[in-house]
Peer 1: 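Have a look at this one before I ask anything.
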Amino acid sequence: SDVKVLQPRQLAQLPHAPLFWILLLAASLRVAFFLQVRGEPTFTVPQWDEAVYDEMARSVARGHGIGLDKAYFFGPLYAYALGLIYAVTGSCTTCAILLQHVLGVLLAGLTYALARRWFGRAESLLAAGLLAAAGAQVFFEGKLLMEVLVSVLLAGSLLLITGAQSRPGPVRLLCAGLLLGLAATGRPTLLMLAPLALIPLLRSPAQSGRHLLVALAVYAAGVVAAPAATLVRNLVVEGTPVLITSSGGFNFFAGNARD
């Protein structure tokens, strides 16, 4: 049979064509940004938090774990994810940055899908377009930092939990909880969002009585899985029950002290 080739005008009229162009824009901006800064020392030499994550990731890639004999000070999520990339690519920081830019494009798509749960098509496309072209977003994707990974996990969790409002199921809820729990091992304050994420579930007419209790239990089990693992690790290593990181007090002081 003959293969039908769509003309540009026909392509533009497809239902998801605007989203395609937004994602293409997102990818193009990231390619241009990468080519522009790839020789800049600011982006080629890890600094500050980047240097810490890079060192921990290299330790993970060598099979030595994070390499610290005390409770986590930085969330372990990104160090282990980066360490896995290093183990596969031979400690290629360029590969890690390119993968983060791919996640940035994916995040724009997730933003559209998530916005469609509550808003119209035009508003959802606007949200995706704003994120796709946001300079700060592209900048942080080019650094060895957790922001884009945590954002993708959080968006995925919220997309699953909102989907459970119309199509409830234990697998969907468990995965939603797992993604949020994983994101919290990078950014612990995200645990505060766990109760708020239940609002769509509580509003679902399909969830009531015993079914609601089961759904809440499954979701909660997913949320606490990863933080529970970090708690056990910190307890074994340091003998102190630190849930995820020990840096909460320091960060609170640094952000609020007069000096």
Peer 1: How long is the straight-line distance from CZ of Arg116 back to CG of Leu125, given to the nearest 0.5 Å?
Peer 2: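 So the CG of Leu125 and the CZ of Arg116 are separated by 8.0 Å.
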Peer 1: CG/Leu154 to CG/Leu193 distance, rounded to the nearest 0.5 angstrom?
Peer 2: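 Reported to 0.5 Å precision, the distance equals 6.0 Å.
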Peer 1: How close do Ala132 and Leu29 get, counting heavy atoms only, and between which atoms?
Peer 2: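 Nearest pair, atom of Ala132 first, then Leu29: O-CD1, 3.8 Å.
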Peer 1: Can you find a pair of side-chain heavy atoms, one from Leu149 and one from Leu77, that are under 4.5 Å apart?
Peer 2: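 Yes. Closest side-chain heavy atoms under 4.5 Å.
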Peer 1: How close do Val223 and Ala194 get, heavy atom to heavy atom, and via which atoms?
Peer 2: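 That would be CG1-CB, 4.3 Å.
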Peer 1: Look at the side chain of Thr245 and the backbone N and O of Gly75, then say whether any donor-acceptor pair between them is shorter than 3.5 Å.
Peer 2: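 Answer holds: no.
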Peer 1: Distance-only, no hydrogens or angles: does the Ser157 side chain make a donor-acceptor pair with backbone N or O of Leu153 under 3.5 Å?
Peer 2: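 Not confirmed, Ser157 side chain does not pair with Leu153 backbone.
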Peer 1: Are Leu178 and Leu196 connected in a single hydrophobic cluster, I mean Ile/Leu/Val/Met/Phe/Trp/Tyr linked by side-chain heavy atoms less than 4.5 Å apart?
Peer 2: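 They do share one cluster, since a chain of ILVMFWY contacts under 4.5 Å joins Leu196 to Leu178.
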Peer 1: Is there a path from Leu106 to Leu84 through hydrophobic residues (I, L, V, M, F, W, Y) whose side chains come within less than 4.5 Å of each other?
Peer 2: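 Different clusters: Leu106 never reaches Leu84 through Ile, Leu, Val, Met, Phe, Trp or Tyr contacts under 4.5 Å.
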Peer 1: Testing the basics here: between Val150 and Gly186, what is the closest heavy-atom pair and its distance to 0.1 Å?
Peer 2: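 Of all heavy-atom pairs spanning Val150 and Gly186, the closest is CG2-CA, 4.3 Å.
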Peer 1: Nearest 0.5 Å please: distance from the CG atom of Leu107 over to the OH atom of Tyr112.
Peer 2: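 The CG atom of Leu107 sits 15.5 Å away from the OH atom of Tyr112.
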Peer 1: Does anything in residues 50-69 pair up under ring-ring contact (aromatic ring centres under 6.0 Å, His included), and if so which pairs, sequence neighbours excluded?
Peer 2: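 Counting only pairs at least two positions apart or across chains, the ring-ring contact (aromatic ring centres under 6.0 Å, His included) contacts touching residues 50-69 are Tyr53-Phe74, Tyr53-Tyr78.
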Peer 1: Compare every heavy atom of Gly109 with every heavy atom of Leu23, then report the nearest pair and how far apart it is.
Peer 2: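 So the two residues come closest at CD2-N, 3.7 Å.
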Peer 1: What distance separates Ile97 CD1 from Leu145 CG, expressed to the nearest 0.5 Å?
Peer 2: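 Going from CD1 on Ile97 over to CG on Leu145, the span is 8.5 Å.
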Peer 1: In the single-linkage hydrophobic clustering (I, L, V, M, F, W, Y; side-chain heavy atoms under 4.5 Å), do Leu159 and Phe119 co-cluster?
Peer 2: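 Yes: a chain of side-chain contacts under 4.5 Å links Leu159 to Phe119.
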Peer 1: To the closest 0.5 Å, what do you measure between CD1 (Ile161) and SG (Cys175)?
Peer 2: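 Nearest 0.5 Å value for the CD1-SG distance: 11.0 Å.
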Peer 1: Check whether more than 12 heavy atoms from other residues, nucleotides or ligands sit under 6.0 Å from atom CZ of Phe34, and answer yes or no.
Peer 2: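 Result for CZ/Phe34: enclosed.
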Peer 1: Quick check: is Leu114 connected to Leu103 through a chain of hydrophobic side chains (ILVMFWY, heavy atoms under 4.5 Å apart)?
Peer 2: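 Result: yes, single cluster for both.
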Peer 1: Salt bridge (charged side-chain N to carboxylate O under 4.0 Å, His left out): which pairs involve residues 56-68, sequence neighbours left out?
Peer 2: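 Non-adjacent pairs meeting salt bridge (charged side-chain N to carboxylate O under 4.0 Å, His left out): Asp54-Arg58.
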Peer 1: Can you tell me which residue pairs pass the salt bridge (charged side-chain N to carboxylate O under 4.0 Å, His left out) test with a partner in residues 23-45, sequence neighbours excluded?
Peer 2: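 The answer is Arg30-Glu141.
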Peer 1: State which residues pass side-chain contact (heavy atoms from CB on, under 4.5 Å) with Leu24; sequence neighbours excluded, sorted by chain then number.
Peer 2: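 Scan of Leu24 (side-chain contact (heavy atoms from CB on, under 4.5 Å), adjacent residues dropped) gives Phe20, Trp21, Ser28.
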Peer 1: In the structure I gave you, are the side-chain heavy atoms of Tyr72 and Thr230 within less than 4.5 Å of one another anywhere?
Peer 2: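 The answer is yes, as the side chains (C-beta and beyond) meet within the 4.5 Å cut-off.
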Peer 1: Can you list the residues that meet the side-chain contact (heavy atoms from CB on, under 4.5 Å) rule with Leu130, with sequence neighbours excluded?
Peer 2: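 side-chain contact (heavy atoms from CB on, under 4.5 Å) list for Leu130, sorted by chain: Leu126.
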Peer 1: Taking only residues two or more places apart in sequence, or in another chain, which ones meet Thr93 in a side-chain hydrogen bond (donor to acceptor under 3.5 Å, both in side chains)?
Peer 2: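 With sequence neighbours excluded, Thr93 shows a side-chain hydrogen bond (donor to acceptor under 3.5 Å, both in side chains) to no residue whatsoever.
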Peer 1: Provide the closest heavy-atom pair for Gly156 versus Leu179 in the form atom of the first, atom of the second, distance.
Peer 2: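 That would be C-CD1, 3.7 Å.
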Peer 1: Determine which pairs satisfy side chain to side chain donor-acceptor pair (under 3.5 Å) with at least one residue from residues 183-202, sequence neighbours left out, and list them in order.
Peer 2: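 Matches after skipping sequence neighbours: Glu147-Arg187.
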Peer 1: Say whether, by atom type as modelled, one donor and one acceptor occur between the side chain of Tyr86 and the main chain of Ala96 under 3.5 angstrom.
Peer 2: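 Between the backbone of Ala96 and the side chain of Tyr86 there is no qualifying donor-acceptor contact (under 3.5 Å).
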Peer 1: Do His101 and Val31 pass the side-chain contact (heavy atoms from CB on, under 4.5 Å) test, and can you show the C-alpha distance, the side-chain angles, and the key distance before you say yes or no?
Peer 2: CA-CA 8 Å; His101 283 312; Val31 169; over 6 Å; no
Peer 1: After noting the C-alpha distance and the side-chain angles of Leu191 and Leu243, does the key distance pass the side-chain contact (heavy atoms from CB on, under 4.5 Å) rule?
Peer 2: CA-CA 11 Å; Leu191 283 178; Leu243 181 58; 3.8 Å; yes
Peer 1: Please say yes or no: joined through hydrophobic side-chain contacts below 4.5 Å, possibly via intermediate residues, are Leu144 and Leu99 part of one cluster?
Peer 2: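 In one cluster: no.
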Peer 1: Write down the atom of Arg172, the atom of Leu160, and the distance for their closest heavy-atom approach.
Peer 2: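 Minimum heavy-atom contact is CD-O, 3.3 Å.
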Peer 1: With rounding to the nearest 0.5 Å, note down the distance linking CZ in Arg117 to OG in Ser124.
Peer 2: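 The distance works out to 10.5 Å.
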Peer 1: By the salt bridge (charged side-chain N to carboxylate O under 4.0 Å, His left out) test, which pairs, at least two apart or in different chains, include something from residues 213-241?
Peer 2: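 Sorted pair list comes back empty.
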Peer 1: With a sphere of 6.0 Å drawn around CD of Glu123, does it hold more than 12 non-hydrogen atoms of other residues, nucleotides or ligands?
Peer 2: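 Result for CD/Glu123: enclosed.
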Peer 1: Hey, does Leu231 have a side-chain heavy atom less than 4.5 Å from the side chain of Pro241?
Peer 2: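 Of all side-chain heavy-atom pairs linking Leu231 with Pro241, at least one is under 4.5 Å.
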Peer 1: Can any side-chain N or O of Asn234 pair as donor or acceptor with the backbone N or O of Val242 at less than 3.5 Å?
Peer 2: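 Such a contact is found between Asn234 side chain and Val242 backbone.
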Peer 1: Got a sec, which residues hit side-chain hydrogen bond (donor to acceptor under 3.5 Å, both in side chains) with Glu50, two or more places apart in sequence or on another chain?
Peer 2: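 Once residues adjacent in sequence are excluded, the partners of Glu50 under the side-chain hydrogen bond (donor to acceptor under 3.5 Å, both in side chains) criterion are Lys143.
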Peer 1: Which residues satisfy the ring pair (Phe, Tyr, Trp, His ring centres under 6.0 Å) test with Phe139, sequence neighbours excluded?
Peer 2: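 Expected list: Phe43.
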Peer 1: Which residue pairs pass the salt bridge (charged side-chain N to carboxylate O under 4.0 Å, His left out) test with at least one member in residues 70-99, sequence neighbours excluded?
Peer 2: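 For residues 70-99, and leaving out neighbouring residues, there are no salt bridge (charged side-chain N to carboxylate O under 4.0 Å, His left out) pairs at all.
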Peer 1: Under the side-chain contact (heavy atoms from CB on, under 4.5 Å) test, which residues partner Val60, sequence neighbours left out?
Peer 2: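 Ile66, Tyr80.
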Peer 1: Do Ile85 and Ser91 make a side-chain contact, defined as non-hydrogen atoms from C-beta onward lying under 4.5 Å apart?
Peer 2: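 Of all side-chain heavy-atom pairs linking Ser91 with Ile85, none is under 4.5 Å.
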